[in-house]
Amino acid sequence: MPELPEVETVARQLRPALVGATIQRVLVKDQKLSDLLAWELEGCTFVDVTRLGKQVVLSVSSGSQAAYVAVHLRMTGRLIWDDGTPLRTVQFQQAALQRPPIEKHLRAECVCSSGRLSFFDPRRFGTIQVTADYESLRPVGLDPTTEDFTERALVKLLENAKQPIKQWLLRQDRLVGLGNIYASEILFASRIHPERLGAALVTDEIKQLRLQTKRILARAIRHCGTTFSDFQDSTGSVGGFQRYLKVYNREGEPCPRCGALIERIVQQGRSTFLCRGCQQ
DNA sequence: GGGTACCTGAAA
DNA sequence: TTTCAGGTACCC
């Protein structure tokens, strides 16, 4: 589920709730996450929640000791804070369309003084890593929401890109944070055909690519990672479902820009959506 | 680089 | 029943 904006949203929403809470007990329900137990997290206090790439990083400390719990949600992970007030499971809008999390999918839990932080993950792809070295968690790819994502930097990264641009955008060792949905959306907004080779893009296209990447990510973050729906009302109405997405999951629908039918192609085993009218 | 594997559940 | 899923580590 989560690409950069969704992970950013989770981090932002958890931060104020979690900071200051002290961990009393750590429960691990899924053996794959048992590394968690090797750390003495009981007694530690949450001091920050940040995002690194697509990971949510929970910073904890106990006296002078610091540790960092890096949670990668992969496809279906969810981090939910429950402090007894009405449960805000709506972390980002896609989540609002999911069922509420169920006990069967609870993989790990952190019981705190003021509430509990639960990690749900039906598909069990999610990972949790703990380290004392924050820098070791930093991804190699460039974060496109930072100032370092300049036109020059993108030009440089694309110089040797022998892959189709869509596949290249998904590489976390180049840019971090994009996933299958935003990659299609960004290429549509940039009017670049997803099968163009990265190294073949011309200056104007690279300009657009950078601009649209920044624009789309910023807007998505502003909307709390509202990738799929634009539901605003508390009734949970999904009338505006998918209004935000221009091409993703819209095969056969008319392109909102030129009216041509949106197509779905498969690249490296994954769906890409495009408009041939707009993306030559 | 390109398939395949990892898992489970929802939808076709 | 089959296919698909917003991610990535691992194999050749």
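Just so you know, these numbers come straight off a predicted model, no measurement behind them.
- Atom CH2 of W168(A) is separated from atom P of dG1(B) by 12 Å (rounded to the nearest Å).
- Among the nucleotides dA5(C), dG7(C), dT8(B), the one closest to any side-chain atom of R124(A) is dT8(B).
- For dG9(B), the OP1/OP2 oxygens have a side-chain nitrogen or oxygen of K104(A) closer than 4.0 Å.
- Heavy atoms of other residues, nucleotides or ligands lying less than 6.0 angstrom from CD of Q31(A) number 12 at most.
- Remark: the separation of the P atoms in dT8(C) and dA10(B) is 23 Å, to the nearest Å.
- Side-chain atoms of P122(A) lie closest to dG9(B) of the nucleotides dG7(C), dG2(B), dG9(B).
- When rounded to the nearest whole Å, the span between CG of L106(A) and C1' of dC7(B) equals 17 Å.
- Contact between the side-chain N/O atoms of Q163(A) and the OP1/OP2 oxygens of dG1(B) is not found at any separation under 4.0 Å.
- For the OP1/OP2 pair of dC7(B) and a distance below 4.0 Å, the side-chain nitrogens and oxygens of H105(A) include no atom meeting the criterion.
- Distance from the side chain of Q167(A) is smallest to dG2(B) among dG2(B), dC7(B), dG9(B).
- What separates CD of E251(A) from C1' of dA5(C) is a distance of 15 Å, to the nearest Å.
- Side-chain N/O atoms of H72(A) include none lying less than 4.0 angstrom from OP1 or OP2 on dG7(C).
- Side-chain N/O atoms of R276(A) and H193(A) include a donor and acceptor closer than 3.5 Å.
- Few gaps surround CD on E42(A); more than 12 heavy atoms of other groups in view lie less than 6.0 Å from it.
- Neither OP1 nor OP2 of dT8(C) sits under 4.0 Å from any side-chain N or O of T127(A).
- With sequence neighbours excluded, the residues satisfying ring pair (Phe, Tyr, Trp, His ring centres under 6.0 Å) with F273(A) are Y248(A).
- The side chain of K32(A) sits closest to dC7(B) out of dG7(C), dG2(B), dC7(B).
- With hydrogens and angles ignored, a donor-acceptor pair under 3.5 angstrom links the side chain of R123(A) to the base of dC7(B).
- Using atom P as the reference point in both dC4(C) and dT4(B), the two lie 15 Å apart (nearest Å).
- Comparing dG7(C), dG2(B), dG1(B) by their nearest atom to the side chain of M75(A) picks out dG7(C).
- In this structure, R270(A) places its CZ atom 16 Å from C1' of dG1(B), rounding to the nearest Å.
- If you check the side chains of T131(A) and D133(A), you find no donor sitting under 3.5 Å from an acceptor.
- Rounded to a whole angstrom, the distance from the P atom of dA5(B) to that of dT3(C) is 15 Å.
- Remark: C1' of dG2(B) and CG of L170(A) are 14 Å apart, rounded to the nearest angstrom.
- Of the P atoms belonging to dG9(B) and dA9(C), the separation is 24 Å, rounded to the nearest Å.
- Straight-line distance from the CZ atom of F120(A) to the C1' atom of dC7(B): 18 Å, rounded to whole Å.
- Remark: ring of F125(A) not stacked against base of dT8(C); the cut-offs of centroid gap under 5.5 Å and plane tilt under 30° are not jointly satisfied.
- In this structure, K54(A) places its NZ atom 4 Å from P of dG7(C), rounding to the nearest Å.
- Evaluation of the ring pair (Phe, Tyr, Trp, His ring centres under 6.0 Å) rule for Y68(A) yields Y134(A) as partners, not counting sequence neighbours.
- Using Watson-Crick or G-U wobble geometry with both donor-acceptor distances under 3.5 Å, dC12(C) finds its partner in dG1(B).
- Atom CZ in R107(A) sits roughly 9 Å away from atom C1' in dC7(B) (whole-Å rounding).
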